[in-house]
**Q** 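What follows is a structure written as structure tokens; I'll ask about it next.
Positions are given from 1, in the same order as the sequence printed here.
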Amino acid sequence: MTGFKTLEWDNGVLRLLDQRQIPFAMVYLDYTDYRDVATAIREMVVRGAPAIGATAAYGLALAAWHSRASTAEALRAELAEAADVLRASRPTAVNLFGAIKQVLARASDPALTDAESIRAAVLAEAHAIAAADVRTNRQIGLNALPLVPDECTIIHHCNTGSLATVDYGTALGIIRTAHEHGKKVFVLVDETRPRLQGARLTSWELKMLGIPHMVIADGASGHYMRTMGVDLCLVGCDRVAANGDTANKIGTYNLAVVAHENGVPFYVVGPTTTIDLATPTGDHIEIEERPAREVTHVGECQVTPDGVQVGNPAFDVTPARYITAIITERGVVYPPFEENLRKIIEQA
Ligand code: MRU
């Protein structure tokens with residue numbers, strides 16, 4: 001049991017658990033304006049590809065709910081404006097764009113001829129996206145069970161748990177399912193500089209779930225793979241290109257190369273909504289650059305000299321050749337990814 005809700009709709013209010021404060025405080029923030037929701041996504045009150053997708057969907061629901069538009073046409077115009085604001089929050093995770101597209105498609109149904117029915121449809125679609133996310137994550141966990149040895153050590157990067165989704169998690173969901181099925185799992189938790197999603201969030205979730213783990217500096221994963229007998233790496237994804245190249249939290253590429261060097265299977269985990277066949281390769285994925293302060297400071301403490309030049313990409317791209325398989329709710333996809341990703345999407 002985790003006992004928290006990453007995001008929740010409550011009668012015209014979107015409630016988000018402020019992930020910037022975890023593990024020190026559990027604070028929920030209430031939102032009624034979609035513009036503030038876009039800011040919350042940008043500032044990482046909520047983060048993780050599936051969670052920001054669902055949050056953006058509820059952002060549109062807020063726009064519809066609180067709008068004074070009295071005609072279908074006026075409301076659709078406001079929704080288009082809100083969608084632009086929400087899309088501009090973070091560029092890399094395709095789930096954000098997919099969820100917005102799905103909600104707008106529902107709102108544009110010609111059968112909806114008045115503002116009231118559009119309002120209801122937009123909210124229903126946001127609820128559907130949120131509910132599908134939880135179902136999907138549980139299925140991913142079950143699909144991965146045969147890949148997880150009964151007793152094993154797993155390296156995990158960033159946070160892909162309940163906090164990164166509506167509930168249950170993707171890569172962390174696999175670890176959770178394996179644990180629930182009695183497997184003896186030990187997790188090496190990459191701390192995940194600079195935002196420390198591993199150290200702050202993943203260890204918080206694993207502790208709550210009673211799953212044995214150890215937080216390590218990102219640079220220590222190679223050492224442990226060479227000396228400790230790591231069985232597999234599990235990471236999430238923000239966008240999987242048509243050829244299997246995968247954008248995920250910065251540091252994933254390094255982990256994949258070291259896993260390859262040490263013969264450790266490297267699994268990317270995510271819902272099929274993270275697969276973007278319209279993006280041919282990883283070179284076409286926009287990588288978000290985040291504020292320098294995330295690197296120059298740890299919390300409030302400055303750790304670099306004043307005025308130093310800083311690079312802070314939030315994600316990197318792992319070339320498909322380093323990926324053993326991509327685990328989704330529709331099954332485990334092996335190379336050749338170009339062919340097999342297309343098949344799994346078209347089978348819908
Ligand atoms: O910058 P973040 O914390 O939003 O990045 C999160 C990740 O990179 C996750 O691995 C990814 O979104 C998958 S979460 C299920």
**Q** Is a side-chain donor or acceptor of D245 paired with a backbone partner of A241 at a separation under 3.5 angstrom?
**A** no

**Q** For the side-chain contact (heavy atoms from CB on, under 4.5 Å) test, which of T153, I155, V264 pairs with D231?
**A** T153

**Q** Output, in order, the C-alpha distance, side-chain angles, deciding distance and verdict of side chain to side chain donor-acceptor pair (under 3.5 Å) for N243 and T281.
**A** CA-CA 6 Å; N243 72 342; T281 73; 5.0 Å; no

**Q** Check the pair N137, T170 against side chain to side chain donor-acceptor pair (under 3.5 Å), reporting the backbone distance first and the verdict last.
**A** CA-CA 5 Å; N137 295 339; T170 58; 5.7 Å; no

**Q** According to a hydrophobic-cluster definition based on side-chain heavy atoms being under 4.5 Å apart (Ile, Leu, Val, Met, Phe, Trp, Tyr only), do V187 and V258 belong together?
**A** no

**Q** Would L7 and L17 count as a side-chain contact (heavy atoms from CB on, under 4.5 Å) here? Give the steps.
**A** CA-CA 6 Å; L7 55 115; L17 176 57; over 6 Å; no

**Q** Verify side-chain contact (heavy atoms from CB on, under 4.5 Å) between V85 and E81, making sure each step is shown before the conclusion.
**A** CA-CA 7 Å; V85 172; E81 223 176 285; 5.8 Å; no

**Q** Would a 4.5 Å heavy-atom cut-off, applied to side chains only, mark W9 and W65 as touching?
**A** yes

**Q** Between the side chain of T192 and the main-chain N/O of D190, is any donor-acceptor distance below 3.5 Å?
**A** yes

**Q** For G198 and V189, which heavy atoms make the closest approach, and how far apart are they?
**A** O-CG1, 3.4 Å

**Q** Determine the minimum heavy-atom distance between A93 and I52, stating which atoms define it.
**A** CB-CD1, 3.9 Å

**Q** Could you measure the distance from the OG1 atom of T92 to the CD1 atom of I285? Nearest 0.5 Å is fine.
**A** 8.0 Å

**Q** When hydrophobic residues are tied together by side-chain contacts of less than 4.5 Å, even through go-betweens, does Y58 share a cluster with L96?
**A** yes

**Q** Go through the steps to decide whether N159 and E205 satisfy the test side chain to side chain donor-acceptor pair (under 3.5 Å), and finish with yes or no.
**A** CA-CA 9 Å; N159 172 267; E205 288 196 45; 3.2 Å; yes

**Q** Compare every heavy atom of P271 with every heavy atom of N95, then report the nearest pair and how far apart it is.
**A** ND2-CG, 4.1 Å

**Q** Between T324 (side chain only) and F266 (backbone N and O only), is there a donor and an acceptor less than 3.5 Å apart?
**A** yes

**Q** State whether the side chain of Y168 and the backbone N or O of G141 hold a donor-acceptor pair below 3.5 Å, judged by distance alone.
**A** no

**Q** Measure the CG-OG distance between N254 and S221 for me, rounded to the nearest 0.5 Å.
**A** 8.0 Å

**Q** With rounding to the nearest 0.5 Å, note down the distance linking OG1 in T202 to CG in L172.
**A** 5.5 Å

**Q** What are the two closest non-hydrogen atoms of S162 and D167, and how far apart are they?
**A** OG-OD1, 3.0 Å

**Q** For residues V185 and V269: do they belong to one hydrophobic cluster (side chain heavy atoms under 4.5 Å, members Ile, Leu, Val, Met, Phe, Trp, Tyr)?
**A** yes

**Q** Given side-chain contact (heavy atoms from CB on, under 4.5 Å), test I100 with L60 step by step and report yes or no.
**A** CA-CA 8 Å; I100 291 171; L60 289 176; 4.1 Å; yes

**Q** One pair to check against side-chain contact (heavy atoms from CB on, under 4.5 Å): I326 and T328. What are the steps and the verdict?
**A** CA-CA 6 Å; I326 301 171; T328 78; 4.1 Å; yes

**Q** Find out whether N340 and I344 are in side-chain contact, i.e. whether some heavy atom of one side chain is under 4.5 Å from a heavy atom of the other.
**A** no

**Q** Return yes if some donor-acceptor pair links the side-chain N/O of K343 with the main-chain N/O of V333 below 3.5 Å, else return no.
**A** no

**Q** At their closest point, which heavy atom of V37 faces which heavy atom of G59, and how far apart are they?
**A** CG1-CA, 4.3 Å

**Q** Hydrophobic cluster membership, with links at side-chain heavy-atom distances under 4.5 Å among I/L/V/M/F/W/Y: are L206 and Y267 in one?
**A** yes

**Q** Would you say that I154 contacts I175 through its side chain, given a criterion of any heavy-atom pair below 4.5 Å between the two side chains?
**A** yes

**Q** For E116, is there an ion pair with R119 - N to carboxylate O distance below 4.0 angstrom?
**A** yes

**Q** Is any side-chain heavy atom of T136 closer than 4.5 Å to one of R138?
**A** no

**Q** Determine whether a donor-acceptor pair (N or O, by modelled atom type, separation under 3.5 Å) exists between the side chain of R200 and the backbone of R195.
**A** yes

**Q** Within the distance-only criterion (no hydrogens, no angle test), does the side chain of Q19 pair as donor or acceptor with the backbone N or O of L201 below 3.5 angstrom?
**A** no

**Q** Should the pair E180-R176 be classified as a salt bridge under the 4.0 Å nitrogen-to-oxygen rule?
**A** yes

**Q** Mind jotting down which residue pairs meet the ring pair (Phe, Tyr, Trp, His ring centres under 6.0 Å) criterion with at least one end in residues 186-206? Sequence neighbours excluded, please.
**A** F4-W204

**Q** So Y31 and L16, do their side chains get closer than 4.5 Å, heavy atoms only?
**A** yes

**Q** Quick check on side-chain contact (heavy atoms from CB on, under 4.5 Å): which of V332, L234, I174 does L147 satisfy it with?
**A** V332

**Q** Would you say the side chain of D109 lies within less than 4.5 Å of the side chain of L112, judging by non-hydrogen atoms?
**A** yes

**Q** May I ask you to decide whether R293 forms a salt bridge with E300, counting only side-chain N to carboxylate O separations under 4.0 Å?
**A** yes

**Q** Could you go through residues 305-317 and list every donor-acceptor pair under 3.5 Å that involves a side-chain atom there, pairing it with any protein atom two or more places apart or in another chain?
**A**
unit_1: D306; atom_1: OD1; unit_2: Q302; atom_2: NE2; d: 2.8
unit_1: N312; atom_1: ND2; unit_2: P291; atom_2: O; d: 2.9
unit_1: N312; atom_1: ND2; unit_2: E294; atom_2: OE1; d: 2.9
unit_1: D316; atom_1: OD1; unit_2: Y253; atom_2: N; d: 3.3
unit_1: D316; atom_1: OD2; unit_2: G251; atom_2: N; d: 2.8
unit_1: D316; atom_1: OD2; unit_2: T252; atom_2: N; d: 3.3
unit_1: D316; atom_1: OD2; unit_2: Y253; atom_2: N; d: 3.2

**Q** Salt bridge between E43 and R20, side-chain N to carboxylate O under 4.0 Å?
**A** yes

**Q** Side-chain heavy atoms under 4.5 angstrom apart, residues restricted to Ile, Leu, Val, Met, Phe, Trp, Tyr: same cluster for V148 and Y334?
**A** yes

**Q** Evaluate Q197 against R47 for side chain to side chain donor-acceptor pair (under 3.5 Å), listing each step before the verdict.
**A** CA-CA 10 Å; Q197 289 93 329; R47 31 66 48 203; over 6 Å; no

**Q** Does any part of the side chain of I216, heavy atoms only, come nearer than 4.5 Å to the side chain of Y224, both counted from C-beta?
**A** yes

**Q** Pair R290, E288 - check salt bridge (Lys or Arg N to Asp or Glu O under 4.0 Å), show working.
**A** CA-CA 6 Å; R290 292 197 56 87; E288 175 187 8; 2.7 Å; yes

**Q** Determine, for R193 against E191, whether the closest basic-nitrogen to carboxylate-oxygen distance falls under 4.0 angstrom.
**A** no

**Q** Are the side chain of R239 and the backbone N or O of A247 linked by a donor-acceptor pair below 3.5 Å?
**A** no

**Q** Side-chain contact, heavy-atom cut-off 4.5 Å: H223 with M228?
**A** no

**Q** For the pair H260 (side chain) and P265 (backbone), establish whether a donor and an acceptor sit closer than 3.5 Å, ignoring hydrogens and angles.
**A** no

**Q** More than 12 heavy atoms of other residues, nucleotides or ligands under 6.0 Å from CD of E73: yes or no?
**A** no

**Q** When you measure from the side chain of D276 to the backbone of V94, do you find a donor-acceptor pair of N or O atoms at a distance under 3.5 Å?
**A** no

**Q** Checking side-chain polar atoms at under 3.5 Å, does T39 have a donor or acceptor matched by the opposite partner on D36?
**A** no

**Q** For the pair E125 and R106, find out whether any cationic side-chain nitrogen is under 4.0 Å from an anionic carboxylate oxygen.
**A** yes

**Q** T177 and H181: side-chain donor and acceptor closer than 3.5 Å?
**A** no

**Q** How close do I129 and A54 get, counting heavy atoms only, and between which atoms?
**A** CG2-CA, 4.1 Å

